[in-house]
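Not measured: the values here are computed from a predicted model. Residue numbers start from 1 in every chain, and the chains themselves are labelled A, B, ... in the order their sequence lines are given, proteins ahead of strands.
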Number of protein chains: 2
Amino acid sequence: MPRTKAFDVTDALDKAKDYFWAHGYESTSMDDLLKAMGINRGSFYDTYENKHKLLLDALDHYIENDIAPSLAKATEGLEPREAIVAIFKRKLKRMNDPQGRFGCLLINTALELAPHDEAVAKVVHRRYDELAKRFIRLVKQGQADGTISKRCKPTQLGRLLLNHLLGVLVLLRSRVSETMLKSVINQVDLLLD
Amino acid sequence: MPRTKAFDVTDALDKAKDYFWAHGYESTSMDDLLKAMGINRGSFYDTYENKHKLLLDALDHYIENDIAPSLAKATEGLEPREAIVAIFKRKLKRMNDPQGRFGCLLINTALELAPHDEAVAKVVHRRYDELAKRFIRLVKQGQADGTISKRCKPTQLGRLLLNHLLGVLVLLRSRVSETMLKSVINQVDLLLD
DNA sequence: ATTATTTTGGAACAATCATTCCAAATAGCG
DNA sequence: CGCTATTTGGAATGATTGTTCCAAAATAAT
C-alpha cells in the first residue's frame with residue numbers, strides 16, 4: 001500500500017561513506033551529507049536514524065565494499081608472499097587518484113573518534129583483528145612454501161604487517177612525497193626476508 | 001605603562017595543547033578551550049589571534065615540549081640500537097596513563113586536517129622529516145658499531161622505523177589490547193636484525 | 001594622583017549545528 | 001478511482017559555533 005522510496009538506500013550510503021572518507025566525521029555537517037547523498041532531511045532521519053548511526057553503517061559498508069574487494073582483487077591468483085607485497089604496492093598505484101590520498105576510512109575514524117566513542121572503538125577492534133588474521137594466514141602459507149622467512153612467528157609477523165599498513169595509510173593521508181611513500185612501501189620485503 | 005597580563009601565555013597554550021591532543025580540533029569548541037585554558041574570550045583573541053592559529057602554535061609547542069624532551073630522556077646515555085628500541089618501549093610503558101592513550105598530537109592532527117589544510121600539512125611534513133632524520137642518524141651509528149644489520153640503507157631503514165612508529169601511535173589511540181601493542185612493539189628488533 | 005595604555009569579562013553577533021515536525025505529495029492496494 | 005500507508009520537502013527549533021566589540025578594570029609611568 002505504501003509509497004516507495006525515491007532513492008536507493010545503498011547508493012546514498014555509499015555517497016555518505018565517500019564524504020566521511022574525505023572530510024572526517026565532525027567536519028561533515030548534515031547539510032554537506034544531504035547534498036552529497038542527494039536526499040533531504042525527512043528521508044534521511046527516516047532511513048538512517050541519525051548522523052552517528054550513519055557513520056557506523058558507512059564504516060561497515062566501507063569494509064564490505066571497498067576494503068574487501070580491493071584486497072581480493074590485489075591478491076587473487078598470487079602466491080602468499082606476492083599477495084602481501086601486492087597489498088602494499090597497490091597503495092602506491094592509487095596514491096595519485098583523489099580517493100587514494102584520503103587514506104583509510106577505518107583508520108581516520110579510529111583516530112578521530114575511538115578515544116571517546118565506544119561504538120566506534122568496538123568496530124575498529126573487530127576490523128583490525130580481521131585484517132591481522134588475514135595477514136597471519138598469508139604469513140603461515142608463505143612460511144610453509146618457503147617464500148617467507150621463519151625467524152618470526154606468524155602471529156607476530158602478521159601483526160607487524162598490519163602495523164606497517166597503518167603507517168602507510170597515515171603517510172598517504174598526510175600527503176607526504178611520493179619518494180617517501182615508495183621508500184617505506186618497498187621495505188615490505190625487509191619484513192618478509 | 002600598560003597593564004600586565006593576568007595569565008601565563010605559555011601555560012595556557014600548554015593546556016590548549018592537551019585539550020587538542022585528547023579531543024582533536026573540530027570536536028574542541030571555543031568554550032571548551034577557554035575553560036581548559038582558564039582565560040576568557042577577550043584575552044584569547046587578543047593573545048592567540050584565532051582557533052586555527054592556536055592549533056599551529058600548539059603543534060609547535062607540543063613538538064618542542066613533549067616530543068623532543070621525551071625522545072631525549074628515552075635515549076640519553078644509550079647506544080644507538082638501544083636508543084631506537086627504547087623509543088618504542090617507552091610507548092608501551094605509557095600506554096596505561098591517560099595521556100599516553102591519546103597517541104600523538106602531530107599524527108592525530110595530520111589525519112584530521114592535512115588533506116584540506118595546507119598550513120597543517122606543511123608543519124606535518126617538516127616534523128616527519130625531522131623524525132626520519134633522527135632515526136636515520138641512529139641507524140647509521142648502529143650500523144657503524146655493528147649492532148644494526150647492514151642489509152638495508154640507513155635512509156630506507158630510518159623511514160621504515162618512522163613508519164613503524166606511526167603505526168604504533170595509531171594503535172595506541174585506537175585503544176587496542178595491551179597484547180596487540182606489545183606484540184607489535186617487540187618486533188622492532190626484527191627490523192634492526 | 002593623574003594619565004595613558006592594555007587587559008579583561010562578557011554581552012552580542014550572525015552563522016551554522018543536528019534534529020524535530022508536519023502538511024503535501026505519492027504510490028500501491030482494493 | 002479512492003483509500004491508506006509512507007515518503008518527501010522544507011520550515012522551524014533551540015542549541016552551539018567562532019568571532020567581534022566595547023565599557024570597565026587594572027597597572028605602570030609621569
Please check if the distance between the ring centroids of A:Phe102 and A:His23 is under 6.0 Å.
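Here the rings of A:His23 and A:Phe102 have centres that are no less than 6.0 Å from each other.
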Do other residues, nucleotides or ligands put more than 12 heavy atoms under 6.0 Å from A:Lys140 NZ?
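12 or below, so no.
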Tell me the interatomic distance from [X], atom [atom1], to [N], atom [atom2], rounded to whole angstroms.
{"X": "A:Leu54", "N": "C:dA18", "atom1": "CG", "atom2": "P", "value": "12 Å"}
{"X": "A:Lys35", "N": "C:dT16", "atom1": "NZ", "atom2": "C1'", "value": "13 Å"}
{"X": "A:Asn40", "N": "C:dT20", "atom1": "CG", "atom2": "P", "value": "16 Å"}
{"X": "A:Tyr48", "N": "C:dA18", "atom1": "OH", "atom2": "C1'", "value": "17 Å"}

Could you encode protein contacts along nucleotides 17-24 of chain D as a string, one character per nucleotide from 5' to 3', using B for base contact, S for sugar-phosphate-only contact and - for no contact, with a heavy-atom cut-off of under 4.0 Å?
SSBB----
Is it the case that B:Lys51 places NZ or CZ above or below the six-membered ring of B:Tyr45, under 6.0 angstrom from the centre and within 45 degrees of the axis?
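B:Lys51 over B:Tyr45 ring: no.
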Just by distance, with hydrogens left out, do A:His61 and A:Asp66 show a side-chain donor and acceptor under 3.5 Å apart?
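Not at all, the side chains of A:His61 and A:Asp66 share no donor-acceptor pair under 3.5 Å.
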Please state whether the rings of A:His52 and A:Tyr25 are parallel, tilted or perpendicular, taking 30° and 60° as the class boundaries.
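Taking A:Tyr25 first and then A:His52, their aromatic rings stand perpendicular (interplane angle over 60°).
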At under 4.0 Å, does any side-chain N or O of B:Ser43 touch on OP1 or OP2 of C:dT7?
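The answer is no; no side-chain N or O of B:Ser43 sits under 4.0 Å from OP1 or OP2.
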Check whether any side-chain heavy atom of B:Leu59 sits under 4.5 Å from a side-chain heavy atom of B:Thr109, and report yes or no.
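Side chain of B:Leu59 against side chain of B:Thr109, heavy atoms only: contact under 4.5 Å found.
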